> 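First, the structure itself, so that you have it in front of you.
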Amino acid sequence: MSTVLVIGAGGVSSVAVHKMAMNADIFSDIHLASRTKSKCDSIAASVKQRTGRDVATYEIDAEEVPAMVNLIRKVRPSLVVNLALPYQDLPIMDACLEACVSYLDTANYEPKDEAKFEYHWQWAYHDRFKEAGLMALLGSGFDPGVTSVFTIWLKKHKLKTIRQLDILDCNGGDHGQAFATNFNPEINIREVTAPARHWENGEWVETPAMQIRTEFDFEGVGKKNAYLMYHEELESLAKFVPELERARFWMTFGDAYITHLTVLQAVGMTSIEPIKYQGRDIIPLQFLAAVLPKPESLGETTKGKTNIGVIATGEALDGSGEKTFYINNICDHEDAYEETGNQAVSYTTGVPAMIGSAMMLTGKWSGDGVFNMEQMDPDPFMEMLNAHGLPWKVEELDGPVEF
Ligand code: NDP
């Protein structure tokens, strides 16, 4: 029985709060705060309608550390769940340290003026969380999050070592819009337009954004083009699975998405450098994000499935030589919408945020300091995925997949 304070009121938060409300034995008291209080209120109204449970709501600018500290002291939560944007990670961690409460997020810190998402800023908090006897769990979404748990589960149950790893993220959903992103547009476009990077023989190999692609036949979706990208779990996987010879991340994009993005990039609309517009400084990407459809508005029209998983090759635990396993989840956009009022990209992130929170609140995952998902026992998390809407399956493949 625990009190939780969730920060941020977008699609991911909406799913996480609905799922927390459905698990009253763990989340007995739910508080939700964000920059725009009306968004918290509409999540609270939907939760009340669907589950009968109350969610207390507040307005907060999470970058104002003293205000965050006051809110935490007022609510007295056992855990602060950061589902706002990556820019707020450090101020929220500062507030947690000052108000003495544990922390969880789904995306690593990114400075506003540089599209560079790396863990080192948050890893630098380890000693302070440790000394305070608090836990911070980083990246408890799907990717990062479940993809790391899948990898560690394979290492615990199937493979003694993992030589090569490919993470495959396919969104086969069609939202009916000419161009839209399935999570925060600013964060999404910063991620997609950054150079690709993968881990190979102990170093990072950088290639131009969206240049290397492969075709893969995704169950439940069909054949899709997947593009090599950098994604933040590659950094923690390279650290916590040190024997990895190669680790890559692939994400699918349709031709229409690529065409729109290419044009927007070519005309400078994806830039994060401020420009003068009618005497004011504006950031083109922020302006673009403001005119694009809000991710939470896509739920009603999105049809199709997501299929996200990892393919790992390495030495089998049972000594039977080299083996390859594929472990993945398929999630249906319409089912996700019916259950929580949000499409599957928010659902596949919000459910693991709820499960990571449950792991911490029930003590199944514990520790003093800052932790990544790879450092935890995958089994209780994997059990909850099956029980709370993200069932997974594992199969042995004939051999390594070469692409
Ligand atoms: P949204 O943009 O829909 O929601 C973000 C929310 O944060 C909004 O309610 C916004 O408020 C709020 N917010 C922004 N700035 C502040 C601030 N200074 N103080 C308080 N609240 C603030 O994003 P999503 O729900 O799509 O994504 C949420 C997080 O999940 C992001 O960090 C994203 O990177 C991460 N994510 C992780 C994934 C994973 O698999 N690990 C996958 C997808 C997303 P306002 O309404 O006023 O704008």
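Counting starts at 1 for both ligands and their atoms, following the listed order. Everything quoted here is computed from the prediction, not taken from an experiment.
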> Looking only at protein heavy atoms, which one is nearest to atom 5 (C) of ligand 1, and what is the separation?
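The closest one turns out to be Leu85 CD2, 3.8 Å.
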> More than 12 non-hydrogen atoms from neighbouring residues, nucleotides or ligands closer than 6.0 Å to CZ on Arg76, yes or no?
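It does not: Arg76 CZ has 12 such atoms or fewer within range.
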> Kindly identify the option in Val345, Asp143, Ile92 whose heavy atom sits closest to atom 40 (O) of ligand 1.
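Looking at heavy atoms only, Asp143 sits closest to atom 40 (O) of ligand 1.
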> Residue-level breakdown please: for Pro352 versus ligand 1, do any non-hydrogen atoms fall below 4.0 Å on the side chain, on the backbone, on both, or on neither?
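Neither; no heavy atom under 4.0 Å.
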> Do Phe240 and Lys155 have side chains that get closer than 4.5 Å, going by heavy atoms?
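Side chain of Phe240 against side chain of Lys155, heavy atoms only: no contact under 4.5 Å found.
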> Considering the heavy atoms of Glu296, write down every atom of ligand 1 situated less than 4.0 Å from one of them.
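Answer for ligand 1: 3 (O).
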> How does Pro295 reach ligand 1, by side chain, by backbone, by both or by neither, if only non-hydrogen atoms under 4.0 Å count?
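Within the 4.0 Å criterion, Pro295 makes no contact with ligand 1.
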> Minimum distance, heavy atoms only, to atom 11 (O) of ligand 1: which one of Pro144, Ser34, Ser140 is it?
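Considering heavy atoms of Pro144, Ser34, Ser140, the nearest to atom 11 (O) of ligand 1 sits in Ser34.
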> For Lys156, look at atom NZ and say whether over 12 heavy atoms of other residues, nucleotides or ligands are found less than 6.0 Å away.
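Yes, enclosed.
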> Before giving the answer on side chain to side chain contact (heavy atoms under 4.5 Å, CB included), spell out for Val146 and Thr348 the whole-Å C-alpha distance, their side-chain angles and the decisive distance to 0.1 Å.
CA-CA 9 Å; Val146 177; Thr348 53; over 6 Å; no
> Show which atoms of ligand 1 fall inside a sub-4.0 Å distance from at least one heavy-atom site of Asp61.
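What qualifies from ligand 1 is 17 (C), 18 (N), 19 (N).
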> Could you check whether Asp377 pairs with Lys364 (Lys NZ or Arg NE/NH1/NH2 to Asp/Glu carboxylate O, under 4.0 Å)?
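Salt bridge flag = no for Lys364 with Asp377.
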> Below 3.5 Å, N or O to N or O, backbone or side chain included: is there any such pair between Leu83 and ligand 1?
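No; the residue has no nitrogen or oxygen that sits under 3.5 Å from a nitrogen or oxygen of the ligand.
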> Counting non-hydrogen protein atoms only, what is the nearest one to atom 3 (O) of ligand 1? Give residue, atom name and distance.
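Nearest neighbour among protein heavy atoms for atom 3 (O) of ligand 1, to 0.1 Å: Gly10 CA, 3.3 Å.
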> Any nitrogen or oxygen of Val12, side chain or backbone, less than 3.5 Å from one on ligand 1?
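Indeed, backbone or side chain, Val12 has an N or O that close.
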> Step through the shown structure and confirm whether more than 12 heavy atoms of other residues, nucleotides or ligands are within 6.0 Å of CD on Glu200.
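Check passes, neighbour count above 12.
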> How far is atom 38 (C) of ligand 1 from the closest protein heavy atom, and which atom is that?
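Going by distance alone, atom 38 (C) of ligand 1 is nearest to Thr349 CG2, 3.3 Å.
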> Could you check whether atom CZ of Arg128 has more than 12 heavy atoms from other residues, nucleotides or ligands sitting under 6.0 Å from it?
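Yes, the 6.0 Å shell around CZ holds more than 12 heavy atoms from other groups.
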> So among Ile258, Ile212, Thr252, which one has a side chain to side chain contact (heavy atoms under 4.5 Å, CB included) with Tyr227?
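Exactly one candidate clears the test, Ile258.
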> Geometry only, no angles: is Ile7 polar-contacting ligand 1 at N/O separations under 3.5 Å?
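N/O-N/O distance under 3.5 Å: no.
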> To check your reading of the model: name the closest protein heavy atom to atom 35 (C) of ligand 1, its residue, and the distance in Å.
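Answer, as residue, atom name and distance: Thr106 OG1, 3.3 Å.
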> Which bit of Arg35 is near ligand 1, meaning a heavy atom under 4.0 Å away: side chain, backbone, both or neither?
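Both backbone and side chain of Arg35 come within 4.0 Å of ligand 1.
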> Flag the pair Asn372 / Ser148 as yes when at least one side-chain heavy-atom distance between them is below 4.5 Å, and no otherwise.
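When only atoms from C-beta onward are counted, Ser148 and Asn372 do not touch, as no gap falls below 4.5 Å.
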> Heavy atom to atom 31 (C) of ligand 1, shortest distance: which of Ser346, Ala107, Ala84 holds it?
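Ranked by closest heavy atom to atom 31 (C) of ligand 1, first place is Ala84.
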> Could you list the atoms of ligand 1 found under 4.0 angstrom from a heavy atom of Ala62?
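What qualifies from ligand 1 is 17 (C), 18 (N), 19 (N), 20 (C).
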> Using a 4.0 Å cutoff against the non-hydrogen atoms of Thr36, which atoms of ligand 1 qualify?
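Counting from 1, the qualifying ligand atoms are 45 (P), 46 (O), 47 (O).
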> Should you measure from each heavy atom of Ala9, which atoms of ligand 1 turn up under 4.0 Å away?
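Matching atoms, with element in brackets: 6 (C), 8 (C), 9 (O).
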> Hey, is ligand 1 close enough to Phe183 that some N/O pair sits below 3.5 Å?
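No; every N/O pair is 3.5 Å or more apart.
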> Taking 4.0 angstrom as the limit, do Lys303 and Asp174 come out as a salt bridge?
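Judged by the 4.0 Å cut-off on N to carboxylate O distance, Lys303 and Asp174 do not form a salt bridge.
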> Would you call the rings of His157 and Trp153 parallel, tilted or perpendicular, where under 30° means parallel and over 60° means perpendicular?
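The arrangement is tilted - the two ring planes meet at 30° to 60°.
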> Taking ring pair (Phe, Tyr, Trp, His ring centres under 6.0 Å) as the criterion, tell me which of Phe403, Phe218, Tyr230 meets it with Trp250.
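Testing each of Phe403, Phe218, Tyr230 against Trp250, the sole residue satisfying ring pair (Phe, Tyr, Trp, His ring centres under 6.0 Å) is Phe403.
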> Counting heavy atoms only, which of His231, Met373, Lys37, Lys39 comes nearest to atom 46 (O) of ligand 1?
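Heavy atom nearest to atom 46 (O) of ligand 1 belongs to Lys39.
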> Atoms of ligand 1 less than 4.0 Å from Gln88 heavy atoms?
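Every atom of ligand 1 under 4.0 Å from some heavy atom of Gln88: 14 (C), 15 (N), 16 (C), 17 (C), 18 (N).
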> Below 6.0 angstrom between ring centroids: does that apply to Phe381 and Trp365?
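Yes, close enough.
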> List every atom of ligand 1 that sits less than 4.0 Å from any heavy atom of Ile60, numbering the atoms from 1 in the order shown and giving each element.
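Checking each atom against Ile60, I get 19 (N), 20 (C).
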> So for ligand 1, is Ser13 a polar contact partner (N or O within less than 3.5 Å, distance only)?
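No: no nitrogen or oxygen of Ser13 is under 3.5 Å from one in ligand 1.
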> Does atom CG of Asp217 have more than 12 heavy-atom neighbours from other groups under 6.0 Å away?
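It does: Asp217 CG has more than 12 such atoms within range.
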> Checking the N or O distance criterion of under 3.5 Å, is ligand 1 in contact with Phe142?
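Between Phe142 and ligand 1 (N or O atoms, distance only) the closest approach is under 3.5 Å.
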> Would you mind listing which atoms of ligand 1 come within a distance below 4.0 Å of any non-hydrogen atom of Ile187?
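In order of number, 34 (O).
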> Give the residue and atom name of whichever protein heavy atom lies nearest to atom 23 (O) of ligand 1, and the separation in Å to one decimal.
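Here the closest protein heavy atom is Asn184 CB, 3.6 Å.
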> Near Glu215 CD, under 6.0 Å, is it more than 12 heavy atoms from other residues, nucleotides or ligands?
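Enclosed.
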> Do Glu339 and Lys19 sit within salt-bridge range, that is, some charged N less than 4.0 Å from a carboxylate O?
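Yes, Glu339 and Lys19 are salt-bridged.
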> Tell me whether Gly145 reaches ligand 1 (any heavy atom closer than 4.0 angstrom to a ligand atom).
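It does not, in that no heavy atom of Gly145 comes within the 4.0 Å cut-off of ligand 1.
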